[in-house]
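Working notes, structure below.
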Amino acid sequence: MTARAESDAPMTVPASTVPVLSEDPFGDDVLTDPLPFHAALREAGPVVRLAAYGIWAMGRYAEVHTSLTDWQGFQSAAGVGLSDFKREKPWRPPSLLLEADPPQHDAPRHVLANVLSPRALKKLRPAWAADAEELVAEVLAGPSEFDAVAGLAEAFPLRVFPDAVGLSQGGREHLLPYGDHVFNAFGPVNHLVEKGQPRVAELGAWVASRCTRDVLAPEGFGADIWAAADRGEITPQQAPLIVRSLLTAGVDTTVHALSAILHSFAAHPNEWTRLRADPSLVRTAFDEAIRLESPVQTFFRTTTQDLRVAGADIPEGEKVLLFLGAANRDPRRWEDPDDFDLSRDPSGHVGFGMGIHQCVGQHVARLEAEALLLAMIPRIRRIELTGPPQRHLNNTLRAWGSLPVRVELER
Ligand code: PQS
């Protein structure tokens, strides 16, 4: 808030009174259960200041949506984490997709959008369906009580995605820890980032070493990216960084999205019954779970100029934290926002962002979820929680440690 004395205030509009919140949105309490903070953020106003970091924040659907779509006013090239790349050296070479704006963003985005398009993914569907059936059969051959995070949500992406990229066999156990650190590193340097520091050089070097043409399989998303370099759509220098984007953003995100879906059904057995009666609801189920849980909770933009948003004046060069998870439960936009409800239309959620940076891998995530759910539907009558799920704290992801479930099988 400005500290101008009332007596020197000329007869102009009153200095904007932007509400200030003191709570740390990256503190363990908020990360463990973000919903009360989200409600306070939305109630405080459309634009809020977060005193803990001297930044701006938005948690209502309308303003989050508007800011996401205004890439001219809210840039990504200064980083989508707390760190401002114009002042601090990025900890890794910036992503050509995530941490770029037009025109530099255009060619990498175009190439990856084609590589991961629904059309391109069509040929994977039969194999992923078979892989899902195999995994579900393996899991269901074991005890009827198990951890659905390790057993299904981690196991399935790791079974299908690295092979689809064409990643070489060794070292795949590095994928999840690397992704976990990248998503922590968008936040402040708190204990979650410090926990990752000792291995960051090793993990980063391993990921970088897996992106060159010679170590990628002759067919797969990796080879497709290199083929685009051969066609001159991107440069050979850009290709490995675009492969890196797949390995960074394609694993942890889908693990926690699948966990969110499985949790949603375990916590709402009636919706599982409904899905079994009409399996065409799998796409709705996917988006509704993404809306409700928002596996990617937040990211930042940086203002390119002085902006006025909902009456608040944000100067140029400021970090703005956008709360996708809060927007996805904004009662101004969603009826009964906390319900998991397959009869609503969840489209328009901002769980994948919105605008030119909207998740380019979302069709991969959707295909994984559909394959897994369609394999489970005929075999599992009921899925229920047997204890409280454990969270895995991450500065950006709404992540899961374990999801203890019991399944009742179809005879
Ligand atoms: C990359 C792309 C996207 C990459 C925040 C970050 C991301 C959602 C929210 C993400 C991270 C990394 N996705 O291109 O390396």
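Starting from 1, each residue takes its place in the sequence as its number. We count ligands from 1, going down the list as the structure has it; atoms in each ligand are counted the same way.
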(request) Can you sort out the partners of R125 under salt bridge (Lys or Arg N to Asp or Glu O under 4.0 Å), two or more places apart, ordered by chain and number? (result)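 Expected list: E370.
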(request) With sequence neighbours left out, write down each residue that passes salt bridge (Lys or Arg N to Asp or Glu O under 4.0 Å) with R366, or none if nothing qualifies. (result)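 Salt bridge (Lys or Arg N to Asp or Glu O under 4.0 Å) list for R366, sorted by chain: D287.
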(message) Can you tell whether the side chains of R329 and D338 come within less than 4.0 Å, N to carboxylate O?
(response)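 Looking at R329 and D338, the cut-off is met.
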(message) What does the 4.0 Å heavy-atom contact list look like for ligand 1?
(response)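 These residues qualify: R92, S95, L98, F183, F186, S245, T248, A249, V296, F299.
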(message) Check for me whether the distance between the ring centres of F323 and F37 falls short of 6.0 Å.
(response)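 So the answer is yes for these two rings.
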(request) Using atom types as modelled and distance alone, determine if a side-chain donor or acceptor of S294 lies under 3.5 Å from a backbone N or O of Q297. (result)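 No; judged by distance alone, with no hydrogens or angles, the pair does not exist.
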(request) Sequence neighbours left out, what passes ring pair (Phe, Tyr, Trp, His ring centres under 6.0 Å) with W128? Give chain and number order. (result)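 Partners of W128 under the ring pair (Phe, Tyr, Trp, His ring centres under 6.0 Å) test: none.
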